[in-house]
There are 2 protein chains.
Amino acid sequence: MKPNTQQLNDLTIQVRRDILRMVHAVNSGHPGGSLGCTEFLVALYQNIMDRKEGFDMDGMGEDIFFLSNGHISPVFYSVLARSGYFPVAELATFRLINSRLQGHPTTHDGLPGVRIASGSLGQGLSVAIGAAQAKKLNGDNHIVYTLHGDGELQEGQNWEAIMYASAKKVDNLVATIDLNGKQIDGTTDEVLAMGSIKAKFEAFDWDVLEIEKGNDLEAIIAGMNDAKSRTGKGKPVCVLLHTEMGNGVDFMMFSHAWHGKAPNDTQLEIALGQNYNVGGNLDYSPLTPNGGTPVESHKIEKNSIVTTNKIPHLVIPPSGVRGLNTGSKDTRSGFGAGMTELGQKNENVVALCADLIGSLKFDDFKKNHPERFFQIGIAEANMIGIAAGLTIGGKIPFTGTFANFSTGRVYDQIRQSVAYSEKNVKICASHAGLTLGEDGATHQILEDIGLMKMLPGMTVINTCDYNQTKAATLAIADHHGPVYLRFGRPVVPNFMPADQPFEIGKAIVLTEGSDVTIVATGHLVWEALIAAEALEAQGISAEVINIHTIKPLDEEAILQSLAKTKCIVTAEEHNILGGLGESISRVLALNSPLPQEFVAVNDSFGESGTPEQLMDKYKLNNQAIVAAVERVMKRK
Amino acid sequence: MKPNTQQLNDLTIQVRRDILRMVHAVNSGHPGGSLGCTEFLVALYQNIMDRKEGFDMDGMGEDIFFLSNGHISPVFYSVLARSGYFPVAELATFRLINSRLQGHPTTHDGLPGVRIASGSLGQGLSVAIGAAQAKKLNGDNHIVYTLHGDGELQEGQNWEAIMYASAKKVDNLVATIDLNGKQIDGTTDEVLAMGSIKAKFEAFDWDVLEIEKGNDLEAIIAGMNDAKSRTGKGKPVCVLLHTEMGNGVDFMMFSHAWHGKAPNDTQLEIALGQNYNVGGNLDYSPLTPNGGTPVESHKIEKNSIVTTNKIPHLVIPPSGVRGLNTGSKDTRSGFGAGMTELGQKNENVVALCADLIGSLKFDDFKKNHPERFFQIGIAEANMIGIAAGLTIGGKIPFTGTFANFSTGRVYDQIRQSVAYSEKNVKICASHAGLTLGEDGATHQILEDIGLMKMLPGMTVINTCDYNQTKAATLAIADHHGPVYLRFGRPVVPNFMPADQPFEIGKAIVLTEGSDVTIVATGHLVWEALIAAEALEAQGISAEVINIHTIKPLDEEAILQSLAKTKCIVTAEEHNILGGLGESISRVLALNSPLPQEFVAVNDSFGESGTPEQLMDKYKLNNQAIVAAVERVMKRK
């Protein structure tokens with residue numbers, strides 16, 4: 001049964017008291033925006049949303065909410081706690097070390113009620129769109145609600161999402177903009193005058209309604225019911241909620257000064273005194289245990305990496321290494337083949353692409369599963385957010401674009417919405433490295449391994465041929481957690497056994513040797529094999545390791561080999577700085593300081609040229625590996 | 001004298017022939033969009049723009065042009081060559097290795113006529129806005145023109161820029177959208193229906209006009225003259241140019257198939273046959289030397305790093321290391337003080353901020369130099385682009401926001417518009433690392449050193465206290481080239497001599513020692529000194545090096561110290577992966593394999609808490625350094 005008006009009023013006052021106490025206790029946090037949105041969140045959770053009793057991350061069969069302007073976490077936490085998601089007493093841990101109530105909301109610490117991390121602005125709408133599209137795929141007739149700051153609309157990712165939502169008729173979405181007209185440095189007009197927000201949303205083909213009295217419970221309920229009634233009609237719905245920052249505390253209102261500032265002791269007393277409704281029935285409980293009805297914290301399942309430890313060495317035929325090549329193919333086609341197979345095998349797998357279907361070899365998947373294929377357009381940040389949102393609803397999203405646009409373009413979106421939020425997103429990147437060729441340096445990222453390896457919890461894979469790329473594509477669907485899968489454009493020898501299972505995190509010793517260890521990844525693995533053959537002719541016995549997984553790194557395999565060879569060459573199509581080579585340098589420095597030489601790009605941008613010319617000019621081929629081995633052998 | 005209609009027609013045909021020959025020769029590149037924009041670029045360069053004879057990067061005293069959709073480089077290169085910027089014969093090097101005519105236009109190789117790299121879409125408008133604002137600052141009454149693809153408008157950064165340009169009345173800007181209705185995967189409507197572009201620009205308060213016949217020279221000239229006449233009236237001007245992709249070659253028109261596909265030999269002959277105007281006077285010259293009037297390639301001045309090599313060791317007072325502390329301050333205030341001084345000293349210095357004036361300590365600079373202060377709003381990508389554009393016009397832009405939003409949020413913008421374009425932009429980042437404190441992990445970037453060090457040509461600096469931050473702020477203004485300057489929020493001891501000059505790239509040996517080398521950066525330098533004192537009491541002699549510059553790394557100083565101590569501890573407020581520690585591991589592995597231990601965050605996200613609690617929990621303090629020294633000493 002929904003609470004009556006008196007109960008909602010009482011709860012609003014209670015939430016205000018919570019907000020004030022929370023920010024006061026830690027002398028930090030954001031009271032202004034929180035107070036301004038108190039009525040809205042109370043009405044949303046207590047009257048508008050159709051919510052389930054318990055909490056799960058998927059949120060299937062219920063309305064769900066995303067807070068994009070994560071800094072107003074105090075009001076979010078209070079409303080969640082007062083709605084039974086976790087004990088009210090836990091509000092007293094706000095912003096303290098080891099708390100689940102982080103400064104900005106996060107799923108990382110398992111707080112019930114939170115489905116995505118927010119804080120870095122402008123990412124929430126994309127995530128909500130993904131969740132809304134997952135609902136449609138699941139036949140779940142519920143609504144996705146969001147809240148955004150008005151200043152937040154200055155972030156371009158919002159406009160990618162706003163454009164997409166109307167283009168794709170995401171009409172089970174109600175996005176509310178908190179129009180308080182203020183941001184950190186002053187009024188929105190002083191900082192960056194945005195003109196008419198209404199005209200902008202309408203020009204982007206949204207159905208827009210305004211709630212003029214955004215701090216009036218009845219007006220909010222009427223407006224949000226109106227918004228609800230407009231869903232399902234082919235357009236996303238935008239609510240412009242006119243609020244007063246700091247509402248309910250006279251000295252905080254009509255100013256942006258309390259955006260991120262806590263009251264002192266005296267100010268707290270005055271503010272609490274202004275929020276004590278003697279007509280009410282609540283006890284205005286302080287932040288101590290009060291017998292709320294917390295639901296269990298969600299757990300994010302992580303599967304450990306299972307390896308068979310039984311992958312045999314390659315058997316080099318009498319004709320030599322080149323005899324292993326069963327026919328040259330591009331690794332991206334291995335990805336495409338993997339996607340085709342996954343499409344048939346796993347109905348939760350969905351694919352997202354940013355205007356590069358052919359380049360990513362998504363054609364078959366799109367043809368066979370049009371309902372599970374999402375064409376995002378040239379809007380990579382939005383793509384990452386939508387992918388994160390699709391996991392909320394149980395999907396396993398595979399995003400695909402060129403490697404630069406998969407990583408550098410969207411680093412912060414991956415960081416917050418995927419890695420920190422621990423979402424089961426597979427970021428699949430073609431055209432990595434110099435071998436992209438003629439398009440030149442803007443498209444040839446040589447830093448993506450480094451970018452992705454620095455993200456906690458991210459698995460980073462760089463496959464060497466068609467067979468291994470296909471196997472990896474299949475394997476990562478069964479691995480719960482964020483994955484970066486890197487592959488390439490050119491046709492290269494296909495030499496790994498077609499039936500070899502892909503074991504994440506397990507290095508593959510391709511050939512045994514005793515004089516030097518060559519650890520190679522991606523396109524350099526084949527070159528390492530050719531180099532080893534040339535070295536053998538010189539009487540140098542090289543052990544070649546295919547290190548398809550750069551994170552987690554199979555340190556044991558590397559150290560085991562080094563115990564024998566006492567020196568190492570690393571080979572990667574990447575900047576010498578930050579990539580595989582440096583990861584291995586760290587392992588050496590920590591465990592077994594030994595000479596290492598690098599085959600990598602020497603801290604420069606690439607350029608236009610054919611893949612072969614570039615690999616030659618930038619010294620990323622078998623000759624370069626042989627030269628590096630010769631250097632490192634002298635240093636033993 | 002402007003060419004007449006016949007001459008323009010002839011030139012248009014010649015440019016089409018160039019485009020076809022260029023993409024045919026390398027069997028790659030983008031003919032469709034190039035052919036569609038041929039009339040526009042011919043008219044712009046030959047009739048509309050007021051251009052100087054020569055070429056310089058600043059483009060002062062003339063109209064300038066930016067190509068945002070860089071993939072239509074063939075038409076750009078041809079028009080530039082035919083306008084005398086470089087020899088026509090050089091068109092024959094398009095997309096070949098070692099060419100200045102990269103697949104996407106770049107300044108990196110010194111091609112006259114190009115002022116910024118493009119290729120990664122959506123960045124050009126921001127850059128153009130910066131250049132337009134520089135013109136206003138310089139009292140230069142000329143116009144900045146741009147060209148963008150329609151599909152490109154799906155990138156959110158455009159909408160940041162579109163919002164900003166009208167808010168800040170950038171009315172010396174004419175942005176043209178190539179409305180050909182096609183992108184890689186199909187029509188724009190199939191990929192991501194954008195509705196009315198006109199309504200959107202108008203809702204964002206631009207003055208919009210349409211050129212319906214975008215492949216008709218007279219219509220273009222009339223329309224662009226109309227656009228020109230609308231400049232200077234308080235609004236940026238948008239031209240919607242309706243073109244036909246592949247125009248002039250019948251089999252390339254009315255399809256998106258020739259977006260990125262070259263004609264074969266037969267197709268080339270047919271296409272050239274359709275572009276041979278017997279009534280004309282031109283010779284339709286092939287791409288061989290034809291006596292054009294090239295201007296000299298521009299040179300980007302780089303100053304080498306000059307060091308005095310005379311910085312003395314710290315003199316520890318009898319009271320101990322703590323006696324060095326002249327009063328604790330935050331490093332960001334050192335930045336603010338530096339900016340205040342720079343504002344007075346160097347009139348080319350401008351500051352840009354993304355709604356965080358107080359946090360960055362920009363208040364004084366803004367107050368004293370309002371005309372040189374740019375409030376960008378919460379739109380970091382736009383900020384980086386505008387900064388890059390401001391260098392075109394001779395400004396030295398200092399951007400300021402939190403470290404995450406300075407790097408991870410805008411990696412690709414820094415990569416293309418700043419690092420690859422070699423722009424003199426100073427990216428200044430406060431609130432780096434865990435010591436940001438209570439805001440939590442979304443704001444605590446621990447990967448920024450790694451991100452920035454992987455960019456070729458980027459200087460990466462992390463200062464340790466107020467004095468050093470102020471000195472570094474002053475020093476980087478005199479250093480030509482992109483710089484990342486990282487500092488922090490909390491109050492920490494101020495101990496470096498106030499009068500010490502800041503020498504980029506020159507490690508400072510703070511204390512001499514013989515048992516172990518401690519290389520520390522940022523907030524960890526003070527902790528290293530305290531640790532060294534504690535170690536001394538245990539009879540361990542530590543050499544503490546303040547490595548304020550992480551790139552270029554002073555390898556010589558480190559190796560010199562290691563020759564004595566034979567073991568090393570690195571200390572940084574950063575992920576153990578990808579940062580200073582790994583850079584040093586690489587130096588060791590390449591030069592002198594020796595034991596190293598790391599004081600760094602062990603590949604996890606941060607969390608809310610006080611700076612002290614976090615540095616303690618994540619083992620980033622003097623105790624952790626002592627423990628690391630004890631570990632590494634055992635491994636000697």
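Labels below follow one simple rule: chain letters A, B, ... track the order of the sequence lines, proteins then strands, and each chain is numbered from 1.
- Ring pair His104(B)/His443(A) is parallel by interplanar angle, where below 30° counts as parallel and above 60° as perpendicular.
- For Asp412(B) (side chain) and Gly408(A) (main-chain N/O), no donor-acceptor pair under 3.5 Å exists by modelled atom type.
- Put simply, the side chain of Leu192(B) reaches to within 4.5 Å of the side chain of Lys168(A), judged on heavy atoms.
- Between Trp159(A) and Glu160(B), every side-chain heavy-atom pair lies at or beyond the 4.5 Å cut-off.
- Contact of Ser28(B) with chain A is made through the side chain alone, with heavy-atom distances under 4.5 Å.
- The shortest distance between side-chain heavy atoms of His71(A) and Asp439(B) does not fall below 4.5 Å.
- Proximity to chain A (any heavy atom under 4.5 Å) is restricted, for Gln416(B), to the side chain, taken from C-beta onward.
- Using a distance-only test at 3.5 Å, with no hydrogens or angles considered, a donor-acceptor pair links the side chain of Gln102(A) to the main chain of Ser608(B).
- Each of Lys551(B), Arg631(B), His30(B) has some count of heavy-atom pairs under 4.5 Å with chain A, and the biggest count is that of Lys551(B).
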### Task
Show your reasoning for whether side-chain hydrogen bond (donor to acceptor under 3.5 Å, both in side chains) applies to Gln154(B) and Tyr164(A).
CA-CA 9 Å; Gln154(B) 293 160 6; Tyr164(A) 178 91; over 6 Å; no
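- In this structure a side-chain-to-backbone donor-acceptor pair under 3.5 Å is missing from Glu582(B) to Ser585(A).
- Residue with the most contacts toward chain A among Glu438(B), Arg415(B), Glu202(B), Gln613(B): Arg415(B) (heavy-atom pairs, distance under 4.5 Å).
- Looking only at side-chain heavy atoms (C-beta outward), Glu447(A) and Leu455(B) come within less than 4.5 Å of each other.
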